2 protein chains.
Amino acid sequence: MGNINIIKLAEELNLSKSTVSRAFRGGSDINPQTREKILARAKELNFLPNHHASNLRNQKSKTIAVIVPEIANNFFSKAINGIEKVAKDKSYHVLIYLTDDDFQKEVAFVTNLSNGRVDGIIMSVSGEDQDHSYLQVLKRKKIPLVFFDRTYEDVETARVTTNDYQSSFEATEHLIKSGCKKVAYLVVNKNLSIGKTRMQGYIDALKKNNIPFDDHLVIDCSNELEKNKVILRNLFETLKPDGVFASVERLAIASYYVCHAMNISIPDDVKVIGFSSLEISPLLNPSLSTITQPAYKMGERAAELLFEILEKHEEEKEFITRNIVLDSELIQRQSSSLEPVAIR
Amino acid sequence: MGNINIIKLAEELNLSKSTVSRAFRGGSDINPQTREKILARAKELNFLPNHHASNLRNQKSKTIAVIVPEIANNFFSKAINGIEKVAKDKSYHVLIYLTDDDFQKEVAFVTNLSNGRVDGIIMSVSGEDQDHSYLQVLKRKKIPLVFFDRTYEDVETARVTTNDYQSSFEATEHLIKSGCKKVAYLVVNKNLSIGKTRMQGYIDALKKNNIPFDDHLVIDCSNELEKNKVILRNLFETLKPDGVFASVERLAIASYYVCHAMNISIPDDVKVIGFSSLEISPLLNPSLSTITQPAYKMGERAAELLFEILEKHEEEKEFITRNIVLDSELIQRQSSSLEPVAIR
DNA sequence: TTGTAAGCGTTATCAT
DNA sequence: ATGATAACGCTTACAA
C-alpha cells in the first residue's frame with residue numbers, strides 16, 4: 001500500500017535515512033541544500049515523520065492530558081481554552097478526558113495514561129473522599145501532574161487554585177450587609193476540598209457577623225437540574241432563607257428556576273450570589289451577582305506550570321509542588337442588591 | 001532508570017515476551033493461568049504495554065482529533081461532550097485543537113495530523129472561501145474526516161448538520177407573525193456555508209410574506225463583543241429594525257447588551273430570536289427565543305459516524321459521504337413575543 | 001500453549 | 001556532511 005516513510009524518501013533521493021531524518025530534526029549537521037531538497041520533496045509527498053516511531057525512539061509524546069469532571073460548563077471550557085492555547089504555542093497536543101464526576105473513571109484514565117501516552121497531566125479532581133494512592137504511578141513513571149481548581153489536599157503536587165476561602169467570606173458578608181439574616185449555603189459535594197474551603201469562608205463570615213451557623217442551611221445538592229429543583233423548592237418552602245450562596249454556578253441557576261416558578265422575588269424576597277463563570281450574568285433576570293474565577297487564566301497558568309516542570313531535568317521534577325493562587329472577582333449585581341429591582 | 005517493559009516482565013516470570021504480549025491482547029491462544037499470573041504481576045508493577053510501540057507496530061493510534069473554531073461556546077463544548085462520550089465507550093482517545101477561526105491554523109493542524117497520530121478527524125471548519133485542497137492528504141492517507149455543523153460544500157466527506165434553512169425560515173416567519181416588518185439578519189461570516197444557508201431561509205421567509213429583502217439589514221458582525229456592540233448600536237440608531245434574527249448565539253447576546261444600554265425594550269421595541277445552545281435562555285431578561293441545535297447529539301452522531309467508517313475495511317472507506325441532518329428546535333419565549341412582557 | 005524472530009519507522013551514536 | 005547500525009517496545013507469523 002505504498003505508504004511513504006523516511007527510508008523510501010531516502011532511496012528516492014539517493015541519500016541515507018539518517019540524512020533524511022536530520023533534515024526534519026532541524027539539526028545543524030546537514031548541508032542546507034540537501035536539507036532543502038529533502039524537505040521540498042517531502043512536502044510534495046505530504047510526508048511527515050511517523051509520530052509513533054519518533055515517540056517510541058524519543059520516549060516522549062509531545063502530548064498532555066487534561067482530565068476534568070465535565071466540559072459543558074463555562075468554567076472548564078474556558079480553562080481548557082487556556083490550556084490549549086499554551087499547548088499550541090509549545091507545539092504540544094492536548095487529550096481531553098471527562099470523568100463525569102465519577103472517581104472510577106478518573107482512576108481508569110490516569111492509569112491508562114501511565115504507559116507513555118502523555119508527558120504530563122492537568123487535572124481537576126472528582127473523588128475527594130477516596131483513596132488517592134493510585135496517583136503514585138505517575139510519580140514512579142515521572143509523569144508530572146498539575147491540579148487545578150479541584151484538588152486533593154493529601155497529594156503532593158503542583159496546583160493552581162483560587163482564593164476560595166476569601167471569596168466565600170466576602171460573598172457571604174456581602175449578603176449579610178445587604179440585609180440577609182438567614183443565608184443558605186448550596187453545595188454539590190461537601191467533602192470536596194473546594195466545597196469545604198468555600199463553606200469555611202461562609203461559616204466564618206457568619207461568625208464574624210454574629211449570625212449563628214445553622215447546619216440545616218447547608219444544602220447538599222446534585223449535579224442534575226431536576227433533582228436540584230426539588231431540593232431547592234423544599235428549601236424555600238420550609239426554611240425560607242433570605243439569602244442564598246451557591247458554591248457552584250449550576251446551583252445559582254437552579255435557584256433562579258425555582259424562584260421564578262415559585263414567584264419568589266430575587267432580590268426582594270431572597271438575595272442570590274454564586275460562583276460562576278457565566279459571561280451573561282448581567283443579562284439574567286435579575287442580573288446575577290457572582291464570584292468569578294479567572295477560568296482561562298487558571299488553565300493557562302496550569303499549563304505553563306506543567307511545561308515548566310517538563311522542561312526541567314528528571315531529577316528536579318518531583319520537587320515542584322508549587323501552589324499558584326489566583327484571585328477571583330466579586331461582582332455585585334441586582335440579585336444581591338439592597339435596592340428594589342430596577343427593571344433595566 | 002529501571003523502566004519496565006514487556007521483556008523485563010517476561011524475564012522476571014520466566015516467559016517469552018510474546019507470551020506476555022499475548023496476555024495483554026486478550027487473545028485466546030494463551031493458558032488462562034499464565035495469563036492471570038502475568039496480569040497480576042503487571043498490575044503490581046503498574047505496567048501497561050507502551051502505547052507508541054503498540055501503535056507503531058499496529059499502524060493505528062486509537063485516537064481521534066476534534067478540530068473546532070472555539071470551545072468556550074455552548075454549542076461546541078456540548079458537541080465535544082457528545083464526541084468524548086462515544087470515544088470513551090470505544091476506548092478511544094480524543095485530541096482537541098482550536099482554530100480560533102483561523103484558517104491557517106486549521107490547515108496546520110490537519111497537516112500535522114496526517115502522520116499517523118490519529119485514526120480519524122471530526123471537524124467544524126473555519127475558512128469557507130479558501131482553498132480546501134489541503135484536505136486531500138487525508139484521503140491519500142486514508143484518514144477519515146467527518147464535518148459537523150460548519151462544513152465545506154465542495155469537499156466530499158461525511159457530515160452531520162442541522163436543518164438550518166428550514167429553522168431560519170421558520171424563525172424569520174415567526175418574527176413576522178409576531179408583527180415585525182423590518183427584520184435585521186446578524187451574521188458573523190456571510191461566506192461560511194452555514195451563514196449562507198441560514199440567510200437563505202431568512203430571505204425566503206421574507207419573500208413568502210411579501211416583505212422586500214433589504215441588503216442593508218444584513219449585518220456583518222465579528223467574534224468580538226465590543227466590536228459587535230458598536231456595530232449593533234449603529235444598527236439600532238440608524239435602521240431601527242423591529243426584529244433581529246441572530247444567526248449565532250453571540251450576536252443575540254450582543255443585541256441584548258446593546259438594547260439594555262440603549263433602553264430599547266425587547267420585545268416591545270424590537271423582537272429578538274437567535275441560534276443558541278444556551279441552557280439558561282429562559283432566565284434572561286427577557287427570556288430569549290431560540291433555535292436550539294442538538295449540540296450534544298450532533299457530536300455523538302459525528303463520532304458514531306466516524307467509528308462506523310473506521311470499522312470498515314480500507315477499500316470501502318472513501319465511499320462513505322453520508323450527510324446526517326438533525327432537527328433544531330424553535331423555542332418561542334418572551335424576546336419574540338407579541339404580548340407585552342410579563343415580568344416573571 | 002509457548003517461543004523465536006522479523007519488522008513497525010524513527011533517531012542517536014559512531015564511523016567515514 | 002553523510003552513512004551504517006543499533007536501539008526504542010511491541011506484535012504476529014511461524015516454528016516447536
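Here is the naming used below: chain letters follow the sequence lines, and residue numbers restart at 1 for every chain. The structure displayed is predicted, hence computed values, not measured ones. Computation of the quantities below employed the complete heavy-atom set of this structure, encompassing side-chain atoms and omitting hydrogens, waters and symmetry-equivalent molecules.
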Output for pair (Arg35(A) CZ, Ile30(A) CD1), nearest 0.5 Å, gives 7.0 Å
Taking only side-chain nitrogens and oxygens of [X], does any of them come within less than 4.0 Å of OP1 or OP2 of [N]?
| X | N | result |
| --- | --- | --- |
| Ser54(A) | dT11(C) | yes |
| Asn31(A) | dA1(D) | no |
| Ser21(B) | dG9(D) | no |
| Ser16(A) | dG3(D) | yes |
| Gln59(B) | dG9(C) | yes |
| Asn50(B) | dG9(D) | no |
| Ser18(B) | dC10(D) | no |

Separation of [N] [atom2] from [X] [atom1] (nearest whole Å):
| X | N | atom1 | atom2 | value |
| --- | --- | --- | --- | --- |
| Lys8(B) | dA7(D) | NZ | C1' | 13 Å |
| Arg117(B) | dG9(C) | CZ | P | 17 Å |
| His51(B) | dC8(D) | NE2 | C1' | 15 Å |
| Leu48(A) | dT11(C) | CG | P | 11 Å |
| Ile7(A) | dG3(D) | CD1 | P | 14 Å |
| Glu11(A) | dA4(D) | CD | P | 12 Å |
| Leu15(B) | dG3(C) | CG | C1' | 10 Å |
| Ile6(B) | dC8(D) | CD1 | P | 14 Å |

Set out, in order, the CA-CA distance, both residues' side-chain angles and the distance that settles salt bridge (charged side-chain N to carboxylate O under 4.0 Å, His left out) for Arg301(B) and Glu304(B), then state yes or no.
CA-CA 5 Å; Arg301(B) 300 292 285 119; Glu304(B) 285 166 0; 2.7 Å; yes
Worksheet item: Does Asn58(B) or Arg35(A) map to a spot on DNA chain D nearer the 5' end, using the closest nucleotide for each?
Response: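 It is Arg35(A) whose nearest nucleotide is closer to the 5' end.
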- State which of dT11(C), dT10(C), dT1(C) makes the closest approach to the side chain of Ala53(A).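 Of the options given, the side chain of Ala53(A) lies nearest dT10(C).
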Taking the side chain of Thr19(B) as heavy atoms from C-beta outward, which of dT2(C), dA1(D), dT10(C) is closest to it?
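Nearest to the side chain of Thr19(B) among the choices is dT2(C).
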Next item on the list: Please confirm whether any donor atom in the side chain of Arg22(A) sits under 3.5 Å from an acceptor in the base of dG3(D), or the reverse.
Entry: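 Between dG3(D) and Arg22(A), which were checked side chain against base, a qualifying N/O pair under 3.5 Å is present.
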Here the pair of heavy atoms bringing Tyr97(B) nearest to Leu113(B) is OH-CD2, 3.5 Å
Here the pair of heavy atoms bringing Ile83(B) nearest to Phe148(B) is CD1-CE2, 4.5 Å
* Any donor-acceptor pair under 3.5 Å from Tyr92(B) side chain to Val86(B) backbone ->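 No, because the side chain of Tyr92(B) does not come within donor-acceptor range (under 3.5 Å) of the backbone of Val86(B).
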> Knowing that exactly one of Glu12(A), Glu11(A), Glu36(A) qualifies, which makes a salt bridge (charged side-chain N to carboxylate O under 4.0 Å, His left out) with Arg41(A)?
Replying inline: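 Testing Arg41(A) for a salt bridge (charged side-chain N to carboxylate O under 4.0 Å, His left out) against Glu12(A), Glu11(A), Glu36(A) leaves exactly one candidate, Glu12(A).
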* Given DNA chain C, 5'-ward residue of the pair Arg57(A) and Lys17(B), judged by closest heavy atom ->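 The residue whose closest nucleotide sits nearer the 5' end is Lys17(B).
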Heavy atoms only, 4.0 Å cut-off, all strands: where does Asn55(A) land among base, sugar-phosphate and nothing?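 Asn55(A): no heavy atom of the nucleic acid under 4.0 Å.
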